[in-house]
Amino acid sequence: MACRGRCRTLTDSMNSSSPVRFGVNYVPSRNWWYSWVDWDAASIGDDLQAIAALGMDHIRIHCLWPIFQPNPNRVSQAAMDRLVQLLDLADAAKLDVEVTVLDGWLSGFIFAPAWQGGRNMFTDEWMIVAEELLFEQIGKRVAGHRRFMGFDLGNELGVIMHPHNPATSEEADRWQARMFQVCERVAPGKFHVNGVDHMHWFRQFGFSRPALASEGAATSVHTWIEFTGFSATYGATSVAAEHLTEYCIQLALAYHTDPHRPIWLQEFGVSSKWMPLDRIPHFSEQSYRNAMSCENLWGCTWWCSHDLNPDLRGFDPLEYDLGLLDASNRVKPNGAHIAKLIQQWKTCPPQPARRTQALIVPESAFGAQRDESLQFSRKWVDLIQDTVGPAIVLESRANDPEYLRTRGISELIA
């Protein structure tokens, strides 16, 4: 993609008007996130230096909830010490760190604290008070660290919302607002987000789309071609699948009320179980480029940094080869390709596309099942032209000329 206009240089600013930032979801190469127990500072330091060498400027990390909070009234000081040490190692590698707290759900496993005892983490006051304690204690240790970006409430919390912790949209939104208040109290002005997966965007479930698009410092999206249904619907190597990052970002932007609110492509990746290995670099590049064609994009954070250590058994087979680096810190072909692109984009990043057309989406397009939203996605995919799809506008805002003008939209498609 040619660079249009004056090129910009990458900075450490988190302002939505700044150049796009690049990072990875960090998976420790030796001990996965069992590392909080089997701590190996030298190995983690090597990992972070290897990540930085790819051109990345930030990582998203995961605090396994039962390890960090073994009792509702106690936070592990050993785990906290290791978190601080990880931030120090990240500082040495010049990497900023988003700390994901209530993990819950990670790499296909559910990690619920034993003391939960069947209580609902979103609606039970006893549980919520315990959760607040964890944020408060972590905040006391890391809020002032130069590499601490902010809190992510938890990884893909909707996965554990059903069936284990059911919550209506009103209950989920109320919980989210309360947790963000805690985050802001203990770490004011930081980059606090809720790292949900696609489920809430693709159907009526849990957190509401308006709440996700208005609370916290940014809106996060996870764009997996397999789990969203794009792979089964359009094909893993289809043009539509390559535009999934763009589609999800445009869908989220439709719910923004602040025209300058940042959006974070927080998880995207691909497994060799889904497409041939030699196709993955092309798919990855197109996923990046199509995301970067969107306005207000804060950053692109690949899942994940490292392949899972093959000595660790029991994970889903697709989890083992998602990294840009292997378990010995060797750069994989896809990692080398992405590193080369990032080096180019630091100097001359692609500019957001001007989208004068917008597809109107009625709220009725999102029912209880994912397939209903996939029907709407077909309309968007059919309109992809010249590698750029249309913007998306809510039906309720289609007759608001000032809103359309702000977004540069001059043509609506019903």
Side-chain angles (χ1 to χ4, degrees), residues 1 7-26 51 54-61 90 94-100 147-153 155-156 176 180 183-184 187 189-198 200-201 209 211-223 244-269 284 287-305 338 341-342 345-346 348-353 355 391-392 406-407:
M1 182 180 292
C7 293
R8 300 172 293 179
T9 57
L10 194 69
T11 70
D12 286 335
S13 171
M14 289 188 286
N15 189 300
S16 61
S17 63
S18 298
V20 173
R21 299 188 61 172
F22 301 100
V24 292
N25 288 270
Y26 175 42
I51 290 169
L54 295 175
M56 305 299 176
D57 60 58
H58 70 274
I59 57 174
R60 177 174 175 243
I61 68 168
K94 297 182 172 58
L95 293 169
D96 291 333
V97 182
E98 186 79 359
V99 179
T100 313
R147 289 298 171 180
F148 174 68
M149 287 202 305
F151 286 126
D152 189 332
L153 301 185
N155 185 54
E156 299 188 344
Q176 176 184 258
F180 277 139
C183 292
E184 190 60 29
K190 294 294 186 176
F191 201 59
H192 305 309
V193 300
N194 185 2
V196 300
D197 70 348
H198 66 281
H200 315 281
W201 296 106
R209 289 180 290 280
L212 291 173
S214 61
E215 296 182 5
T219 306
S220 65
V221 292
H222 294 192
T223 65
L244 175 62
T245 54
E246 178 189 357
Y247 172 73
C248 290
I249 291 170
Q250 290 303 317
L251 181 60
L253 289 174
Y255 287 86
H256 281 196
T257 54
D258 176 0
H260 305 295
R261 177 177 170 85
I263 191 159
W264 182 4
L265 177 56
Q266 191 184 56
E267 277 193 27
F268 67 119
S284 302
S287 295
Y288 271 102
R289 289 190 182 276
N290 292 325
M292 295 171 72
S293 75
C294 300
E295 65 276 17
N296 293 347
L297 179 66
W298 176 83
C300 299
T301 309
W302 184 266
W303 186 281
C304 54
S305 63
I338 290 173
L341 291 170
I342 289 174
W345 290 335
K346 283 183 177 181
C348 191
Q351 301 299 295
R355 299 173 196 266
I392 298 175
T406 300
R407 294 193 64 188

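Every heavy atom of this structure was used, including side-chain atoms; hydrogens, water molecules and symmetry mates were not.
Using bins of under 30°, 30° to 60° and over 60° for the plane-to-plane angle, the ring pair Phe191/Trp264 lands in the tilted bin. Ring pair Tyr288/Phe268 is perpendicular by interplanar angle, where above 60° counts as perpendicular and below 30° as parallel.
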### Task
In sequence, state the C-alpha distance, the side-chain angles, and the governing distance for Gln351 and Met292, and then conclude on side chain to side chain contact (heavy atoms under 4.5 Å, CB included).
CA-CA 7 Å; Gln351 301 299 295; Met292 295 171 72; over 6 Å; no

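Inspection of the Thr301 and His58 side chains reveals an N or O donor paired with an N or O acceptor under 3.5 Å.
Considering OG of Ser220 and CG of Asp152, their distance stands at 6.5 Å, rounded to 0.5 Å. The distance from atom CG of Leu341 to atom NZ of Lys346, rounded to the nearest 0.5 Å, is 12.5 Å. Note that OH of Tyr255 is 12.5 Å distant from OG of Ser214, once rounded to the nearest 0.5 Å. One finds the NE2 atom of His222 at 7.5 Å from the CG atom of Asp197 (value rounded to the nearest 0.5 Å). Note that CE of Met56 is 8.5 Å distant from CZ of Phe22, once rounded to the nearest 0.5 Å. Of the inter-residue distances, the one linking Ser305 atom OG with Asn25 atom CG reads 8.0 Å to the nearest 0.5 angstrom.
Contact detail for Ala252 and Thr219: the closest heavy-atom pair is CB-CG2, 4.1 Å. Heavy-atom minimum distance, Ile338 versus Ser284: CD1-CB, 4.1 Å.
A salt bridge does not link Arg289 to Glu246: none of the charged nitrogens lies less than 4.0 Å from a carboxylate oxygen.
Residues Val99 and Phe148 form a side-chain contact, since some pair of their non-hydrogen atoms from C-beta on lies under 4.5 Å apart. Annotation: side chain of Cys294 is not in contact with side chain of Leu265 (no heavy-atom distance under 4.5 Å). By the 4.5 Å heavy-atom criterion applied to side chains, Asp96 and Arg21 are counted as neighbours.
Glu267 is linked by a salt bridge (charged side-chain N to carboxylate O under 4.0 Å, His left out) to Arg60, counting only residues two or more places apart in sequence or in another chain. By the salt bridge (charged side-chain N to carboxylate O under 4.0 Å, His left out) test, Glu98 is found to be paired with no residue, residues two or more places apart in sequence or in another chain being considered.
You'll find the ring centres of His192 and Phe180 outside the 6.0 Å limit.
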